[in-house]
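Predicted model, so just to flag it, every value in this text is computed and none were measured. As the structure lists them, so they are numbered: ligands from 1, and atoms in each ligand from 1.
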Amino acid sequence: MTHTIIIGGGIAGPVAAMALDRVGITATVYERHDQPADGVGGLIGLAPNGLAALATVGLAEPVEAISLPVRSMAMFAGNGRKLAEFGGDPAFHAVWRSELYGVLEREARARGVAFEYGRRLEGVTQDDNGVTAHFADGTTATGDILVGADGIRSTVRTLIDPAAPRPRYTGLVSFGGRPTVPLRVPSTHGSFHMFYGKKAVFAYYADDGNTGWYVNMPSPQPIAARDVDAVEWLRRLSALFTGDTSPATEIIRASDPAELVIAGAVDDLPDVPRWSDGRVVIIGDAAHATSPSSGQGGSMAIESGIQLARCLRDFPSVSAAFRGYELLRRERVRRVIEHGRRTDTTKAPGPITRAILPVVMKLLVRPGKYTWMADYRIDFDAPVAGAPARA
Ligand SMILES: Cc1cc2nc3c(=O)[nH]c(=O)nc-3n(C[C@H](O)[C@H](O)[C@H](O)COP(=O)(O)OP(=O)(O)OC[C@H]3O[C@@H](n4cnc5c(N)ncnc54)[C@H](O)[C@@H]3O)c2cc1C
């Protein structure tokens with residue numbers, strides 16, 4: 001029996017722990033925050049591939065129970081003209097991040113995964129017998145392998161390779177809102193409506209009393225958005241959309257400052273050359289963070305956790321398993337990150353892109369263009385290609 005130290009109780013960590021449990025490997029999750037989910041977190045869209053991956057570890061139902069199936073994403077110009085729409089069956093499931101964290105933790109605990117909070121990883125030592133995590137509070141934990149699921153600003157990534165790339169700013173600052181009172185705005189009939197305004201992008205959902213919205217604000221330089229209070233941000237955000245034909249101003253003005261999620265400057269991650277070192281490996285945003293514009297960061301984190309577990313099941317050594325895992329994941333996440341960056345350029349357009357936005361949108365949502373992303377399925381029980389045949 002192998003015991004795994006997982007650093008990070010976000011999405012990738014608990015999912016990996018449950019996938020490892022399926023292959024007979026125990027895990028303990030160490031999270032730097034003092035309690036489950038930090039209570040903060042906007043709406044994220046789980047793509048069909050992400051939900052299908054969750055199904056392989058029996059998590060589709062509990063996650064569906066806290067999410068909204070979104071029929072389509074409809075894009076509009078700032079003048080209200082519809083540019084394009086893409087749908088699916090459904091297109092994605094919208095879920096509040098803090099609720100997703102909560103469900104993943106509950107499900108993992110039910111399967112015997114232990115969680116320890118207030119444990120910030122600072123260092124790692126390893127030898128032939130195992131790996132030891134060193135935490136800021138002076139405590140340690142030992143195991144056979146250590147999985148860094150510690151997000152885009154991963155400590156584990158820099159412990160593997162001090163020269164590892166740092167997050168790269170996407171040019172967008174992001175905000176979200178979760179109104180607690182029903183808004184008197186036109187229903188979006190099960191779709192998300194996204195408006196490419198003159199100064200920023202506004203997206204919202206309103207159906208059956210459920211409402212959520214977000215803003216992507218272009219800014220050439222990253223700004224410390226949390227240094228400005230929510231009241232002031234609501235004022236600035238609503239001003240961004242005056243003159244556009246969308247419900248943005250109305251929705252933002254009606255928002256309670258307590259409901260504003262200031263996500264701040266948004267980053268992705270350039271290609272990370274090293275994903276593992278000996279008994280230590282990274283998954284999720286720690287290894288391959290994509291811009292939120294791809295709508296795939298959470299789904300990629302889920303897929304990576306599951307594929308790592310399959311590789312540890314099928315390869316005879318840890319090093320072979322980590323190599324197999326990289327082979328399965330690298331090209332796919334590279335394409336997703338590239339897709340996110342391309343989509344970002346439509347949200348912070350230069351004059352030329354703005355002029356041809358309707359054409360760009362039509363190309364972006366061409367039928368079948370993203371089947372490689374959304375139709376990807378993991379057959380958990382199938383042997384990993386390239387692994388030695390099982391007895
Ligand atoms: C504004 C915004 C919108 C997004 N929208 C979408 C979307 O629509 N669809 C989508 O799929 N994705 C979206 N994403 C991306 C998605 O949230 C991430 O890809 C996903 O959360 C990655 O999961 P993770 O587990 O790898 O990292 P995280 O969820 O970031 O979890 C990492 C965990 O590690 C912990 N940690 C960090 N350092 C340490 C340490 N040293 N010791 C112990 N614990 C540590 C952190 O506290 C955290 O709990 C969005 C992201 C942002 C910022």
Side-chain angles (χ1 to χ4, degrees), residues 5-17 28-51 53-54 67 70 73 91-98 100-101 104-105 115-124 133-137 141 146-159 167 170 172-176 192 194 203 212 214-217 225 261-269 282-305 333 336-337 340 343 373-374:
I5 297 168
I6 295 184
I7 306 299
I11 297 175
V15 170
T28 302
V29 176
Y30 297 88
E31 165 59 47
R32 68 178 165 177
H33 286 300
D34 289 335
Q35 52 193 12
D38 54 7
V40 186
L43 199 58
I44 72 168
L46 273 184
N49 50 299
L51 203 69
L54 285 175
S67 59
V70 177
M73 178 72 100
F92 58 90
H93 279 76
V95 58
W96 293 95
R97 188 198 308 257
S98 49
L100 178 61
Y101 285 167
L104 295 180
E105 195 231 355
F115 283 74
E116 296 205 10
Y117 289 95
R119 306 289 291 276
R120 176 193 292 273
L121 179 94
E122 283 191 339
V124 172
H134 299 261
F135 298 101
D137 61 5
L146 182 144
V147 177
D150 51 345
I152 188 164
R153 273 160 244 295
S154 169
T155 300
V156 181
R157 184 175 67 239
T158 48
L159 290 172
T170 60
L172 297 171
V173 183
S174 188
F175 303 85
F192 242 93
M194 185 184 271
Y214 63 84
V215 169
N216 291 153
M217 180 182 85
V261 179
I262 304 174
V266 174
D267 296 325
D268 71 359
L269 204 55
I282 43 176
I283 61 172
D285 273 13
H288 47 68
T290 164
S291 161
S293 298
S294 72
Q296 283 281 348
S299 297
M300 288 301 111
I302 292 162
E303 287 181 6
S304 283
V333 299
V336 169
I337 292 169
T343 310
M373 215 157 54

Which atoms of ligand 1 have any heavy atom of [X] under 4.0 Å away?
X: R120; answer: 41 (N), 42 (N)
X: A149; answer: 32 (C), 33 (C), 34 (O)
X: G284; answer: 26 (O)
X: A263; answer: 1 (C)
X: S299; answer: 11 (O)
X: Y30; answer: 43 (C), 44 (N)
X: H33; answer: 47 (O)
X: I11; answer: 20 (C), 21 (O), 23 (O), 25 (O), 29 (O)

Between atom [atom1] of [X] and atom [atom2] of [Y], what is the distance when rounded to the nearest 0.5 Å?
X: D150; Y: I283; atom1: CG; atom2: CD1; result: 9.5 Å
X: I44; Y: H93; atom1: CD1; atom2: NE2; result: 13.0 Å
X: L159; Y: S154; atom1: CG; atom2: OG; result: 7.5 Å
X: W96; Y: Y101; atom1: CH2; atom2: OH; result: 14.0 Å
X: S299; Y: L46; atom1: OG; atom2: CG; result: 5.0 Å
X: D267; Y: S291; atom1: CG; atom2: OG; result: 9.5 Å

Nearest to [atom], what protein heavy atom do you find, and at what distance?
atom: atom 37 (C) of ligand 1; answer: D150 O, 3.3 Å
atom: atom 36 (N) of ligand 1; answer: R32 NE, 3.6 Å
atom: atom 4 (C) of ligand 1; answer: P292 CB, 3.5 Å
atom: atom 31 (O) of ligand 1; answer: G10 CA, 3.4 Å
atom: atom 49 (O) of ligand 1; answer: E31 OE1, 2.6 Å
atom: atom 42 (N) of ligand 1; answer: L121 N, 2.9 Å
atom: atom 18 (C) of ligand 1; answer: D285 OD2, 3.3 Å
atom: atom 17 (O) of ligand 1; answer: R97 NH1, 2.5 Å

* Test log, rule side-chain contact (heavy atoms from CB on, under 4.5 Å), inputs V173 and V266 -> CA-CA 6 Å; V173 183; V266 174; over 6 Å; no

Nitrogen or oxygen of [X] less than 3.5 angstrom from that of ligand 1:
X: G297; answer: yes
X: G45; answer: yes
X: A286; answer: no
X: A12; answer: yes
X: G298; answer: yes

With side chains defined as the heavy atoms from C-beta onward, is the minimum distance between [X] and [Y] less than 4.5 Å?
X: I6; Y: T28; answer: no
X: V124; Y: V156; answer: no
X: V147; Y: I7; answer: no
X: R157; Y: L269; answer: yes

* **Check against side-chain contact (heavy atoms from CB on, under 4.5 Å), L172 and S293** => CA-CA 10 Å; L172 297 171; S293 298; 4.1 Å; yes

* Ring centroid separation Y30 to F135 under 6.0 Å ->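 Ring-ring flag for Y30/F135: true, centres closer than 6.0 Å.
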
Answer side chain, backbone, both or neither: which part of [X] comes under 4.0 Å from ligand 1, heavy atoms only.
X: R153; result: neither
X: M300; result: neither
X: I7; result: side chain

* Could you please spell out the steps behind the side-chain contact (heavy atoms from CB on, under 4.5 Å) verdict for E31 and F115? => CA-CA 7 Å; E31 165 59 47; F115 283 74; 5.8 Å; no

* Grab the two heavy atoms, one from M373 and one from S294, that are nearest each other, plus how far apart they are. => CE-O, 4.5 Å

Could you tell me if any non-hydrogen atom of [X] lies under 4.0 Å from any atom of ligand 1?
X: L46; value: no
X: G42; value: no
X: Y101; value: yes

* To do: Check the pair I337, H288 against side-chain contact (heavy atoms from CB on, under 4.5 Å), reporting the backbone distance first and the verdict last.
  => CA-CA 8 Å; I337 292 169; H288 47 68; 4.1 Å; yes

